[in-house]
Amino acid sequence: MPDLSNYKVFKTDYAGKELIVEIGKYAEQANGACMVRCGETAVHVSVCMSESAREGMDFFPLSVDYEEKMFAVGKIPGGFKKREGRASDKAILTSRLIDRPIRPLFPKGIFNDVVVTATALSVDPDISPEPLAMIGSSVALSVSDIPWAGPTGSVVVGMVDGKYLINPNVEERAKSAIHLNLAGTKDAILMIEAGANEVTDAEMVGAIMYGHEEIKKICAWIEEEIVPAAGKAKKEMEFYHIPEDLDAAVKAYGYDKLYAALDTFDRQERQAKQAAAEAEIVEHFSEIYPDQIREVKDSIYYIVKGIVRAKIFDGVRPDGRKLTEVRPIWCEHGILPRVHGSAVFTRGQTQALTTCTLGMLGEAQRMEGLDEEEEKRYMHQYNFPGYCTGEAKALRSPGRREIGHGALAERALVPVIPDPSVFPYAIRVVSDIYSSNGSSSMASVCGSTMALMDAGVPITAPVAGCAMGLVKDAETGKYVIMTDIQGLEDFLGDMDFKVAGTDKGITAIQMDIKIKGISEQIMLDAIAQAQEARKHILGKMLECIPTVSEELSVYAPKIVTFKINPEKIGDVVGKQGKVINKIIEQTGTKIDIEEDGTVCIACFGDVANAKRAQAIVESIAHDPEVGDMFVGVVVRILSDKFAFVEFAPGKDGAIHISKLSDKRVSKIEDVVNVGDKVKVEIIKITEKGIDLKLLEKMD
């Protein structure tokens, strides 16, 4: 019998549902662990920290993994091994959602490995496991002995018919104009990840503030009820820091040298001067502090950071731009002749080449996960090769950052992708970053809009995106917001706030911060500033490609869609696929049939082939009626009295010799022979078969 003396259960209201946290029953050897339940959804979260700091580490080694167990929704995993394999894109994106709000709250100078593991064990489709996993990470860290400045709370916010909802169910999510993942402390917002159907700035900010009210309740519950009853004392740890005497010496010797090196707007010149100044400073102190070169370099970093931030507060950005100014933009499209659609979007030293490929709906991405989404028709992928930053790095499979940036760009464009009934294609867009100096994900949004337009995809509106930055003084609260941040501003700043949308409204937002939250006013200012930048960028894009291409590429498939009676699918397919394969062979097309009777026929070149295949399929699916006329082929002659005509694959009828002509016919072969193409009319339908009348013999 396990020791359950420390087992405790905590309950609270969570947007009208009961939220339950269990502590002290599972994973007792972890630094902190909990089971989070809401309805029939259950997520287990654990957190562990290594005993000592990792040697030589210069960044906080936090790892977050979200596991999707297929048994949580009663599924057996696909594939040969029948077990969960590599994390799905959805799981990786959820891991990032958990990571981003908790990371800024760890103390500076901690270099111990910290691993957070969240596992979805049971999932009710109406209660998403993602916010529960995020709450679980906050609880596990809060009750653990790991130093951490939480707690945090998390919610999903929707908006249906102008009304905000917390944690909407499946039906509400389908109708919602906003899907907002939100996390924060009781005092401020830490993380925003949102997709939206062209909502206004006010609607988006309203959703954020509405969600924050629920977050405050969760934080208070964890802090006031759970931690006092189940929390461990935090470990006394010695964190890495720069000795004051060393820091003062480096600043006294190196400040003026670094300030002079940074006093140029040309990036290459600035980097060269900065590297030379840093090398001189390190060499100078190599004999004075031979065992503390790392501390010397870190001191240099903070001096550079302070100089750059001070300049920005004075309105002087590293490249000389105004705070609200977008870098120079140039674009082009249609640069790859065999590609269905292509475009290049360049803003400053950030450049994205985006391509668009069109395919049949059957080529949509199949999904295997814990939600009800089975396939994805619009696919957006993002690649970040080493050469885009001048690094000699071999190509590798996409990492979490690439998957996250691709998902953000995809979310930004989904609201403007036409419905399959209007444009019956699966669409794959790939953004390859050719040069990067900040905000490459937003360059992907812009380039992808242009590639879709170049491909002839009738998007409902063009989408552009821009990243906003922040420099905030922790003591005075003074802050400065920068439009279209570049790499150095992102690296040394406090926020990366990406906003994408159309001229009408917002379609996606993502916010990452390095400080302990931002206020409502900062959000309002950043979103308003982003709107002006977005309109400017849209104008530059539309100068390059004003309208959607009227015609698809000659290399793109031409697709015809229509519906048949689902009960006739078997007739169209035929035994062992013989009927449909014959149609494909005869017409040179590709045919997909959905369970609801939707037929997609694709061909390359002349669309007449697709129309021909459509006529054949419709003739098979059609229940013959007296008076119907068809063009068919004479397939056999029987007893000198009947000529049998196949008027649709698998369907034939008989023409009696008396119905071959208005005049007397002595012999069937005097009028038609096997293989002749003829036009016929149905004159009678009986249990024995279909009687036809010859209308004319075709050439």
Side-chain angles (χ1 to χ4, degrees), residues 558-603 606-699:
K558 308 302 183 293
I559 295 179
V560 174
T561 63
F562 56 97
K563 278 201 169 186
I564 62 172
N565 185 341
E567 295 179 359
K568 298 294 182 179
I569 293 175
D571 295 339
V572 175
V573 174
K575 188 177 181 180
Q576 298 179 335
K578 289 182 179 180
V579 175
I580 196 168
N581 287 333
K582 184 177 180 181
I583 301 171
I584 291 170
E585 182 181 351
Q586 287 177 343
T587 60
T589 59
K590 186 176 180 182
I591 303 174
D592 284 342
I593 305 178
E594 303 294 330
E595 291 182 0
D596 65 351
T598 299
V599 181
C600 290
I601 301 177
C603 68
D606 192 352
V607 75
N609 290 330
K611 294 290 187 180
R612 181 180 165 211
Q614 178 183 0
I616 296 172
V617 170
E618 288 179 333
S619 68
I620 298 171
H622 175 67
D623 286 323
E625 298 177 358
V626 173
D628 285 347
M629 292 179 283
F630 299 94
V631 173
V633 177
V634 178
V635 291
R636 68 183 187 278
I637 295 172
L638 183 64
S639 304
D640 292 332
K641 290 185 178 180
F642 294 97
F644 285 84
V645 176
E646 185 179 54
F647 55 85
K651 291 184 179 181
D652 61 17
I655 308 177
H656 189 266
I657 192 170
S658 63
K659 301 299 180 182
L660 287 172
S661 174
D662 293 334
K663 301 176 182 179
R664 186 177 182 281
V665 177
S666 322
K667 188 178 179 183
I668 290 177
E669 285 84 349
D670 290 341
V671 181
V672 295
N673 289 280
V674 172
D676 286 349
K677 191 175 181 181
V678 293
K679 185 175 182 181
V680 295
E681 178 184 354
I682 296 176
I683 57 174
K684 187 177 181 182
I685 300 175
T686 67
E687 292 181 0
K688 293 182 178 180
I690 298 173
D691 292 345
L692 304 173
K693 174 184 178 181
L694 179 67
L695 297 179
E696 64 177 300
K697 184 177 177 181
M698 313 292 288
D699 293 333

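- Contact of the L638 side chain with the F644 side chain is registered, since non-hydrogen atoms from C-beta on lie closer than 4.5 Å.
- Note: E618 CD to K611 NZ = 9.0 Å, rounded to the nearest 0.5 Å.
- Of all heavy-atom pairs spanning S661 and V665, the tightest one is CB-CG2, 3.8 Å.
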The test is side-chain contact (heavy atoms from CB on, under 4.5 Å); show your working for D628 and E681 and say whether it passes. CA-CA 6 Å; D628 285 347; E681 178 184 354; over 6 Å; no
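- When atom types are taken as modelled, the side chain of T598 and the backbone of E594 share no donor-acceptor pair closer than 3.5 angstrom.
- More than 12 heavy atoms of other shown residues, nucleotides or ligands fall within 6.0 angstrom of atom CD in E696.
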K679 vs M698, side-chain contact (heavy atoms from CB on, under 4.5 Å): CA-CA, chis, key distance, verdict: CA-CA 7 Å; K679 185 175 182 181; M698 313 292 288; 3.9 Å; yes
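- Heavy atoms only, all atoms of each residue included: F647 and G653 are closest at CE2-N, 3.8 Å.
- Between V635 and E646, the shortest heavy-atom contact is CG1-CB, 3.7 Å.
- Here the straight-line distance linking atom NZ of K590 with atom CD1 of I584 works out to 9.0 Å at 0.5 Å rounding.
- A pairwise comparison of heavy atoms in I559 and A602 identifies CG1-CB, 3.8 Å as the closest pair.
- For the pair R636 and D652, the salt-bridge criterion is met [side-chain N within less than 4.0 Å of a carboxylate O].
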Take V631 and V678 through the side-chain contact (heavy atoms from CB on, under 4.5 Å) test and state the conclusion after the steps. CA-CA 6 Å; V631 173; V678 293; over 6 Å; no
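- Donor-acceptor pairing under 3.5 Å is lacking for the side chains of H622 and N565.
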Worked check of side-chain contact (heavy atoms from CB on, under 4.5 Å) between L692 and I690: CA-CA 6 Å; L692 304 173; I690 298 173; 3.8 Å; yes
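- Across L695 and M629, no two heavy atoms sit closer than the pair CD1-SD, 3.5 Å.
- Heavy-atom neighbours of K568 NZ from other residues, nucleotides or ligands within 6.0 Å: above the threshold of 12.
- Salt bridge D676/K697: present, at least one basic N to carboxylate O contact under 4.0 Å.
- Side-chain contact between E625 and I682: absent, with no pair of heavy atoms (C-beta onward) separated by less than 4.5 Å.
- By the 4.0 Å N-to-carboxylate-O rule, D691 lies too far from K659 to be salt-bridged with it.
- If you run side chain to side chain contact (heavy atoms under 4.5 Å, CB included) between V599 and each of I591, D592, T561, only I591 comes through.
- Annotation for K693: atom NZ does not count as buried by contact number, only 12 or fewer foreign heavy atoms lying within 6.0 Å.
- Put simply, the side chain of I564 reaches to within 4.5 Å of the side chain of V617, judged on heavy atoms.
- By the 4.5 Å heavy-atom criterion applied to side chains, I583 and I601 are not counted as neighbours.
- Note that the CG atom of D571 and the CD1 atom of I580 stand 12.0 Å from one another [nearest 0.5 Å].
- Taking NZ of K667 as the reference point, atom CD1 of I657 lies at 10.0 Å (rounded to 0.5 Å).
- Atom CD1 of I668 is separated from atom CG of N673 by 10.0 Å, given to the nearest 0.5 angstrom.
- Counting heavy atoms from C-beta outward, P624 and K651 have side chains that approach closer than 4.5 Å.
- For D662, the CG atom is loosely surrounded, since the number of other residues' heavy atoms within 6.0 Å does not exceed 12.
- Of the inter-residue distances, the one linking L660 atom CG with D670 atom CG reads 10.0 Å to the nearest 0.5 angstrom.
- Side-chain N or O atoms of K677 include none that pairs as donor or acceptor with a backbone N or O of G632 at under 3.5 Å.
- Nearest heavy-atom pair, C603 versus T589, reported as atom, atom and distance to 0.1 Å: CB-CG2, 3.8 Å.
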